[in-house]
Amino acid sequence: MSGKTYDYLFKLLLIGDSGVGKTCVLFRFSEDQFNSTFISTIGIDFKIRTIELDDKKIKLQIWDTAGQERFRTITTAYYRGAMGIMLVYDITNQKSFENIKNWIRNIEEHASADVEKMVLGNKCDMNDKRVVSKESGETLAVEYGIKFMETSAKASINVDEAFFNIARDIKRKMDSKVDSNTKSKGSVVVTESTKPRQGFLDKWCSIL
């Protein structure tokens with residue numbers, strides 16, 4: 001008998017510039033702890049937490065990547081198997097926000113085309129030092145069709161909500177694929193078979 005204690009295993013990735021709080025967000029979610037001492041992640045690290053969604057146990061394997069340039073070749077290898085990617089910037093650091101576009105480009109180059117994405121504006125407890133407005137974060141997210149939340153690992157604001165949100169989206173996508181495969185198994189869709197090849201390609205382009 002299998003000793004598996006979960007129904008799903010989701011691999012998530014945290015990316016973003018060095019110092020934006022990726023490790024702190026991960027520790028808040030996985031250990032419910034916060035460490036104010038900044039220690040830069042070397043290469044890559046991961047934590048695991050099992051959550052419950054729709055009466056199903058979901059094991060989240062969350063990889064925390066180094067933001068420094070010299071580790072990029074190591075961390076991009078982890079994009080491929082990721083089912084969800086969270087892009088983190090620091091609301092007190094304009095450059096980290098501007099670089100989100102570069103991180104999105106990395107995802108487009110290295111990750112699966114249907115990977116779930118979410119932008120996190122971290123350190124939202126530091127409003128007195130804010131340089132990136134919430135509206136700017138929302139606008140960026142809308143531009144790329146990505147969900148957005150502001151978080152604070154220190155004050156424990158929206159951290160659990162962010163992870164539950166992306167896990168729910170991944171599960172919904174997986175369940176939808178399973179349903180679709182079950183319905184189409186052994187059946188022939190007449191309407192599609194009568195269409196020319198070009199129409200078939202058009203259909204996929206419109207989905208993507």
Side-chain angles (χ1 to χ4, degrees), residues 10-41 44-47 49 51 60 62-69 71-72 75-76 78-79 82-111 115-170 172:
F10 294 167
K11 179 183 172 185
L12 306 180
L13 203 60
L14 286 167
I15 63 174
D17 285 7
S18 180
V20 297
K22 298 184 297 296
T23 302
C24 290
V25 166
L26 178 54
F27 264 82
R28 173 59 74 188
F29 179 68
S30 61
E31 316 280 345
D32 197 21
Q33 291 178 4
F34 178 79
N35 187 347
S36 57
T37 307
F38 173 67
I39 301 171
S40 186
T41 302
I44 195 153
D45 193 13
F46 79 95
K47 292 282 182 186
R49 179 176 161 186
I51 64 172
L60 301 179
I62 310 152
W63 293 86
D64 174 23
T65 64
Q68 298 99 317
E69 188 67 44
F71 293 121
R72 296 284 165 85
T75 58
T76 50
Y78 287 85
Y79 282 55
M83 302 163 81
I85 299 180
M86 304 174 103
L87 303 101
V88 188
Y89 70 87
D90 174 354
I91 69 155
T92 71
N93 182 329
Q94 180 69 30
K95 187 67 178 170
S96 74
F97 174 68
E98 291 169 3
N99 282 340
I100 288 292
K101 292 188 177 185
N102 297 330
W103 289 106
I104 289 174
R105 203 171 299 120
N106 279 349
I107 293 174
E108 290 169 349
E109 289 174 9
H110 302 288
V115 67
E116 288 292 336
K117 298 179 285 289
M118 179 179 280
V119 176
L120 301 183
N122 195 37
K123 305 186 185 180
C124 70
D125 58 291
M126 299 173 69
N127 248 320
D128 54 326
K129 296 181 180 177
R130 178 190 287 272
V131 295
V132 182
S133 69
K134 188 175 182 181
E135 290 72 27
S136 296
E138 290 168 341
T139 300
L140 177 79
V142 168
E143 181 185 339
Y144 286 97
I146 302 173
K147 284 192 175 179
F148 168 79
M149 292 182 96
E150 285 201 335
T151 58
S152 167
K154 184 176 183 179
S156 192
I157 298 170
N158 282 340
V159 175
D160 271 22
E161 288 83 352
F163 281 97
F164 271 79
N165 236 297
I166 199 165
R168 188 174 287 109
D169 288 342
I170 295 168
R172 189 179 295 126

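Count residues from 1 along the sequence. The figures that follow rest on heavy atoms only: side chains count, while hydrogens, waters and symmetry mates do not.
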Go through the structure and list residues passing side-chain contact (heavy atoms from CB on, under 4.5 Å) with Asn158, not counting sequence neighbours.
Met149, Thr151, Glu161
Determine, step by step, whether Leu140 and Lys101 satisfy the side-chain contact (heavy atoms from CB on, under 4.5 Å) criterion, reporting the C-alpha distance in whole Å, the side-chain angles of both residues, the deciding distance to 0.1 Å, and the verdict.
CA-CA 9 Å; Leu140 177 79; Lys101 292 188 177 185; 3.7 Å; yes
With sequence neighbours excluded, what pairs up with Asp128 under the side-chain contact (heavy atoms from CB on, under 4.5 Å) test?
Met126
Starting at NE2 of His110, measure out to CG of Leu13 and round the result to the nearest 0.5 Å.
11.5 Å
Applying side-chain hydrogen bond (donor to acceptor under 3.5 Å, both in side chains), can you list everything that pairs with Asn165, at least two apart in sequence or on another chain?
Lys147
Applying the side chain to side chain contact (heavy atoms under 4.5 Å, CB included) criterion to Asp64, which one of Ile15, Thr23, Leu12, Val88 satisfies it?
Thr23
Identify the heavy atoms of Ala167 and Leu60 that sit nearest to each other, and give their distance.
CB-CD2, 4.1 Å
Pairs flagged by side chain to side chain donor-acceptor pair (under 3.5 Å) wherever residues 134-145 is involved - sequence neighbours left out:
Ser133-Ser136
Which pair of heavy atoms, one from Ile91 and one from Cys124, lies closest together, and at what distance?
CD1-CA, 3.6 Å
Lys154: partners by side-chain contact (heavy atoms from CB on, under 4.5 Å), with sequence neighbours left out:
Phe34, Asp125, Ser152
Return the minimal non-hydrogen interatomic distance between Ala141 and Phe148, and the atom names on each side.
CB-CB, 3.5 Å
Taking ring-ring contact (aromatic ring centres under 6.0 Å, His included) as the definition, give me every residue that meets it alongside Phe10, ordered by chain and number, with sequence neighbours left out.
Tyr8
Can you sort out the partners of Phe46 under ring-ring contact (aromatic ring centres under 6.0 Å, His included), two or more places apart, ordered by chain and number?
Trp63
Within-4.5 Å side-chain heavy-atom neighbours: Phe163 and Val25:
yes
Holding to side-chain hydrogen bond (donor to acceptor under 3.5 Å, both in side chains), I want the full list of residues that pass it with Arg130, two or more places apart in sequence or in another chain.
Asn127, Glu150
Of all heavy-atom pairs linking Met86 and Leu120, the shortest is CE-CD1, 4.0 Å
Sorted by chain and number, sequence neighbours left out, side-chain hydrogen bond (donor to acceptor under 3.5 Å, both in side chains) with Thr92 holds for Asp90
Holding to side-chain contact (heavy atoms from CB on, under 4.5 Å), I want the full list of residues that pass it with Arg49, two or more places apart in sequence or in another chain.
Phe29, Ile51, Asp160, Phe164
Heavy atoms only: give me the nearest Val115-Ala82 pair and the separation to one decimal.
CG2-O, 3.4 Å
Can you list everything that forms a side-chain hydrogen bond (donor to acceptor under 3.5 Å, both in side chains) with Lys11? Sequence neighbours excluded, please.
none
Has the side chain of Asn122 got a donor or acceptor atom that lies under 3.5 Å from a matching backbone atom of Val20?
yes
One should read off an interatomic distance between Asp169 CG and Glu116 CD, to the nearest 0.5 angstrom, of 5.0 Å
Heavy-atom closest contact (Ile107 atom, Leu87 atom, distance)
CD1-CD2, 3.7 Å
Worked verdict on Leu26 versus Leu14 for side-chain contact (heavy atoms from CB on, under 4.5 Å):
CA-CA 8 Å; Leu26 178 54; Leu14 286 167; 3.8 Å; yes
Considering the options Asn93, Asn102, Asn99, which one meets the side-chain hydrogen bond (donor to acceptor under 3.5 Å, both in side chains) requirement together with Asp17?
Asn99
Out of curiosity, Ile85 CD1 to Tyr79 OH, how far, rounded to the nearest 0.5 Å?
6.5 Å
Hits for salt bridge (Lys or Arg N to Asp or Glu O under 4.0 Å) against Lys117, two or more places apart or cross-chain, chain-then-number order -> none
